[in-house]
Each structure stands twice: as C-alpha cells, then as structure tokens.
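This structure is a prediction, so every number in the text was calculated from the model and none was measured.
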Amino acid sequence: MSKKQRRRTLKQKKGIIITGKYSMEKAKMYFIAALLMFHIIPLFFVFMGENGRMILAQMFMYMLNPIFLFAVGFFYGIRNGFDWKFPLILTVVSTISIVMYYDFENINYVMLGFSVSLCVYAVFSYLSTLLGGFLKRFLI
C-alpha cells in the first residue's frame, strides 16, 4: 500500500461519536430555550406565592429540568455533534437557577440541593449530548 492510499484510509475513518466544533451561533437557539425553561418560567411560579414555589420545587427541580436538559442536549448532539463546551455551559445555566428561584429553609439545604442538582444536571447534559453525537453517525 502506498503512502497516498494509507493517507486516504486514515482520513476516511470516523470515530464512534461524531464531534463538532462549538460555535455560539449554532448553540444560540438551545441556550434561549434553556434560559426560558430555567429562568423565565420559574419567575411565574415564584410570583404565584407559596403554592407556586411548592409546585416549582416538586415538579421542576427533580423532574422537568432533567428531562428538558436531556432533550436539549440530545437534539444539539444530533444536529451538531458532541462538543464538551455545550454541556458545560448548559449545566452552569441550569444550576444557577437553583440558588435563584428555589426556596430552602436554611443554607445546608441550599448547598445540598445545589450540589445534587449540579451532578445530576451535568450527567444528564453530557450523556444526552454524547448519545446525540452517537446517533448522528447513523443519521448521516
């Protein structure tokens, strides 16, 4: 096998997970959706008073937010491939809302809720983006 043929075969090999180069232009739509879900919608529940805060804590923090993170990361991965910057920024945007909108009795619960949510949100966003990058390979 000549050097030219070897170079061609090396260029044709692809990894298991398709990676893409991160650009804010590609990720803009996904971040707007995340900002709406994590910072705008909780404001409506906070303004509803005590009942709204209870609904927010029970429904959003541990149920709807991880599902939304998984969906956003999955669709981003299918569309653009995996890149480690997108799930990292998405995790930061989502965990900041825990301290801002969710009502806890004391600082220990705030730190516990923040650390658990940080771990769960990071795992969900990274795994969903990896899965989307993996499935992109079969859709091309």
Side-chain angles (χ1 to χ4, degrees):
M1 189 183 310
S2 69
K3 286 187 178 181
K4 286 185 179 181
Q5 290 175 340
R6 194 175 314 137
R7 286 183 190 156
R8 285 184 197 147
T9 58
L10 288 175
K11 288 181 182 178
Q12 292 174 355
K13 290 184 179 179
K14 292 183 181 178
I16 294 174
I17 299 170
I18 294 182
T19 59
K21 188 173 181 179
Y22 176 78
S23 95
M24 191 62 183
E25 193 65 33
K26 294 178 184 176
K28 182 174 30 176
M29 176 179 65
Y30 301 101
F31 284 127
I32 290 172
L35 286 173
L36 285 173
M37 180 67 175
F38 293 110
H39 293 283
I40 304 300
I41 293 175
L43 277 176
F44 293 118
F45 288 99
V46 168
F47 290 140
M48 287 172 52
E50 192 62 36
N51 292 334
R53 287 183 184 265
M54 190 180 337
I55 293 170
L56 182 67
Q58 291 174 352
M59 292 292 293
F60 276 77
M61 187 170 172
Y62 296 115
M63 202 162 61
L64 293 178
N65 288 351
I67 292 170
F68 180 79
L69 273 174
F70 188 84
V72 167
F74 182 73
F75 290 127
Y76 178 83
I78 286 178
R79 183 100 186 222
N80 301 315
F82 175 75
D83 183 37
W84 63 272
K85 292 176 189 173
F86 178 76
L88 179 69
I89 296 171
L90 191 62
T91 302
V92 169
V93 167
S94 61
T95 52
I96 288 174
S97 70
I98 302 298
V99 178
M100 293 174 65
Y101 300 114
Y102 295 93
D103 193 23
F104 296 102
E105 288 90 34
N106 61 23
I107 193 70
N108 292 333
Y109 292 127
V110 172
M111 293 308 294
L112 180 66
F114 180 78
S115 59
V116 168
S117 298
L118 178 68
C119 295
V120 169
Y121 291 176
V123 167
F124 269 76
S125 61
Y126 273 98
L127 287 179
S128 63
T129 310
L130 274 171
L131 183 64
F134 178 71
L135 289 178
K136 181 179 181 172
R137 179 174 183 194
F138 298 111
L139 297 174
I140 290 178

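- Put simply, Leu36 and Val46 are part of two different groups of oily side chains (I, L, V, M, F, W, Y) that touch within less than 4.5 Å, one to the next.
- Between atom OG of residue Ser94 and atom CD1 of residue Ile89 there is a gap of 12.0 Å, rounded to the nearest 0.5 Å.
- Counting heavy-atom neighbours within 6.0 Å of Met111 CE, excluding the residue itself, gives a total of 12 or less.
- Atoms CZ and OG1, on Phe124 and Thr129 in that order, are 12.5 Å from each other to the nearest 0.5 Å.
- One hydrophobic cluster holds both Trp84 and Leu135 under the rule that ILVMFWY side chains link at heavy-atom gaps under 4.5 Å.
- Separation of atoms CE (Met48) and CZ (Arg53) is listed at 11.5 Å; rounding is to 0.5 Å.
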For Phe82 and Phe86, run ring pair (Phe, Tyr, Trp, His ring centres under 6.0 Å): C-alpha distance rounded to whole Å, both residues' side-chain angles, the deciding distance at 0.1 Å, then the answer. CA-CA 8 Å; Phe82 175 75; Phe86 178 76; 9.8 Å; no
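- Linking ILVMFWY residues whenever their side-chain heavy atoms come closer than 4.5 Å, directly or via other members, places Val92 and Tyr30 in the same cluster.
- Of all heavy-atom pairs spanning Phe45 and Ile55, the tightest one is CE2-CG2, 3.7 Å.
- With sequence neighbours excluded, the residues that form a side-chain contact (heavy atoms from CB on, under 4.5 Å) with Val116 are Leu112, Val120.
- For the pairing with Ser125, the side-chain contact (heavy atoms from CB on, under 4.5 Å) check across Val93, Leu130, Leu88, Thr91 returns one residue only, Thr91.
- Closest approach of Tyr62 to Ala57, counting heavy atoms only: CD1-O, 4.3 Å.
- Here CE of Met61 is found 4.0 Å from CD1 of Ile98. Values are rounded to the nearest 0.5 Å.
- Summarising the geometry, atom OG belonging to Ser97 is positioned 11.0 Å from atom CD1 belonging to Ile41; distances are rounded to the nearest 0.5 Å.
- A donor-acceptor pair under 3.5 Å is absent between the side-chain atoms of His39 and the main chain of Met100, judged by distance alone.
- Lys136 and Asn80 make their closest contact through NZ-C, 3.7 Å (heavy atoms, listed as atom of the first residue, atom of the second, distance).
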Can you give each donor-acceptor pair under 3.5 Å made by side-chain atoms of residues 65-79, sequence neighbours left out, with the distance rounded to 0.1 Å?
{"unit_1": "Asn65", "atom_1": "ND2", "unit_2": "Phe60", "atom_2": "O", "d": "3.3"}
{"unit_1": "Asn65", "atom_1": "ND2", "unit_2": "Tyr102", "atom_2": "OH", "d": "3.1"}
{"unit_1": "Asn65", "atom_1": "ND2", "unit_2": "Tyr121", "atom_2": "OH", "d": "3.2"}

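- Lys28 meets the salt bridge (Lys or Arg N to Asp or Glu O under 4.0 Å) test with Glu25; sequence neighbours excluded.
- Counted by atom type alone, Thr95 and Ser117 present zero donor-acceptor pairs between their side chains at under 3.5 Å.
- Taking hydrophobic clusters as Ile, Leu, Val, Met, Phe, Trp and Tyr residues chained together by side-chain heavy-atom distances below 4.5 Å, Phe47 does not share a cluster with Ile40.
- To the nearest 0.5 Å, atom NZ of residue Lys85 and atom CE of residue Met24 are 12.0 Å apart.
- Under the 4.5 Å side-chain heavy-atom criterion for grouping Ile, Leu, Val, Met, Phe, Trp and Tyr, Phe44 is not connected to Phe38 through any hydrophobic cluster.
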